Amino acid sequence: MSDDCIFCKIIAGKIPCAKVYDQGGIFAFLDIAPVNKGHALVVSRTHYATLFDLPPDLGRELLAALKSVGRAVMQATGATGLNMGMNNFEVAGQLVHHAHFHLVPRHEGDGLRLWTQHAYESGEEMQKLAQAVRTAIG
Ligand code: 5GP
Ligand code: ZN
């Protein structure tokens, strides 16, 4: 529990929320400002700041929760698609520093566009970058 974390306060029941899932180490609730209605946030009960702080052991439980909540959000809203997104660090739009996965139900013609895509200067530039990533992975 981080004292200055709004999501820790929600999980602890100190701030009300529209809870949708509470099993084991995972908690989920509806986002107060939804991209589309039913937009849910899936979080670890334990405070971790970003994706990179989440313990790999949480993976199985987390994936099960994402699938369960995602499926249920689609069913409850009549959505025919679902986006999952995660903002890590402020430059990527992370406002709440308690790692969380956004599940956004999608409807035909809802007009939401998530990514603006670009081109590489050349295939060589792309291959060099791939090499740099492989090197960083080690
Ligand atoms: P971020 O930009 O950090 O990825 O997303 C934070 C999300 O938390 C936002 O979509 C915002 O609407 C949501 N949020 C912030 N404060 C509260 C709150 O008090 N209750 C709920 N339910 N959602 C919140
Ligand atoms: Zn927290």
Side-chain angles (χ1 to χ4, degrees):
M1 166 102 191
S2 167
D3 285 342
D4 56 357
C5 173
I6 192 152
F7 287 178
C8 280
K9 287 180 185 152
I10 285 174
I11 293 162
K14 292 179 181 161
I15 292 177
C17 76
K19 180 170 84 174
V20 295
Y21 185 95
D22 188 1
Q23 279 181 43
I26 309 295
F27 190 92
F29 54 102
L30 298 188
D31 193 306
I32 203 162
V35 172
N36 279 334
K37 288 177 184 173
H39 175 172
L41 300 172
V42 177
V43 304
S44 158
R45 292 188 70 85
T46 305
H47 181 92
Y48 299 107
T50 72
L51 172 68
F52 304 102
D53 303 300
L54 293 175
D57 282 359
L58 200 63
R60 179 174 284 270
E61 208 180 4
L62 180 60
L63 183 59
L66 288 168
K67 289 170 66 172
S68 176
V69 176
R71 207 179 282 120
V73 162
M74 285 183 68
Q75 203 173 312
T77 59
T80 47
L82 182 87
N83 286 117
M84 187 184 85
M86 187 183 201
N87 302 324
N88 290 285
F89 307 109
E90 282 174 15
V91 73
Q94 186 176 11
L95 298 174
V96 178
H97 297 278
H98 182 132
H100 53 281
F101 296 82
H102 295 257
L103 293 177
V104 178
R106 296 298 306 274
H107 305 274
E108 194 69 40
D110 64 14
L112 183 64
R113 284 209 59 194
L114 294 183
W115 311 106
T116 306
Q117 291 181 275
H118 303 285
Y120 285 100
E121 298 295 328
S122 61
E124 190 192 349
E125 184 198 12
M126 189 176 173
Q127 288 300 336
K128 270 178 78 173
L129 194 52
Q131 180 59 56
V133 174
R134 287 195 295 271
T135 302
I137 291 171

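All of these numbers come straight from a predicted model, not from anything done at the bench.
Put simply, CD1 on Ile6 and CD1 on Ile10 are 5.5 Å apart, with the number rounded to the nearest 0.5 Å. One distance of note links CG of Leu82 with NE2 of His102; it measures 12.5 Å at 0.5 Å rounding. Interatomic distance, Phe7 CZ to Cys17 SG, rounded to the nearest 0.5 Å: 10.0 Å. For the atom pair CD (Glu124) and CD (Gln131), the distance works out to 12.5 Å, reported to the nearest 0.5 Å. Between Ile15 atom CD1 and Ile32 atom CD1 the span is 9.5 Å, to the nearest 0.5 Å.
Residues His98 and His100 approach most closely at O-ND1, 2.7 Å, considering heavy atoms. Residues Val73 and Ala40 come closest through the heavy atom pair CG2-CB, 4.1 Å. The two residues Asp53 and Tyr48 come nearest to each other via the heavy atoms O-CD2, 3.3 Å. Leu54 approaches Met86 most closely through the heavy-atom pair CD1-CE, 4.5 Å.
Side-chain atoms of Glu90 and His97 include a donor-acceptor pair closer than 3.5 Å.
Among pairs with a residue in residues 64-78, none fulfils side chain to side chain donor-acceptor pair (under 3.5 Å), at least two apart in sequence or across chains.
Ile26 places a side-chain heavy atom less than 4.5 Å from the side chain of Tyr21. Counting heavy atoms from C-beta outward, Asp22 and Phe29 have side chains that stay 4.5 Å or more apart.
At distances below 3.5 Å, not a single donor-acceptor pair connects side-chain atoms of Gln94 with backbone N or O atoms of Thr50.
The side-chain contact (heavy atoms from CB on, under 4.5 Å) check on Val20 picks up Ala28, Leu30, Val69, with sequence neighbours excluded. In this structure Asn36 satisfies the side-chain contact (heavy atoms from CB on, under 4.5 Å) test together with Val104, Pro105, Arg106, His107, Asp110, sequence neighbours excluded.
Hydrophobic clustering, with ILVMFWY side chains joined whenever heavy atoms are under 4.5 angstrom apart, keeps Leu41 apart from Phe89. Clustering ILVMFWY residues whenever any of their side-chain heavy atoms sit less than 4.5 angstrom apart, transitively, puts Phe52 in the very cluster that holds Leu62. Hydrophobic clustering, with ILVMFWY side chains joined whenever heavy atoms are under 4.5 angstrom apart, keeps Leu63 apart from Val43.
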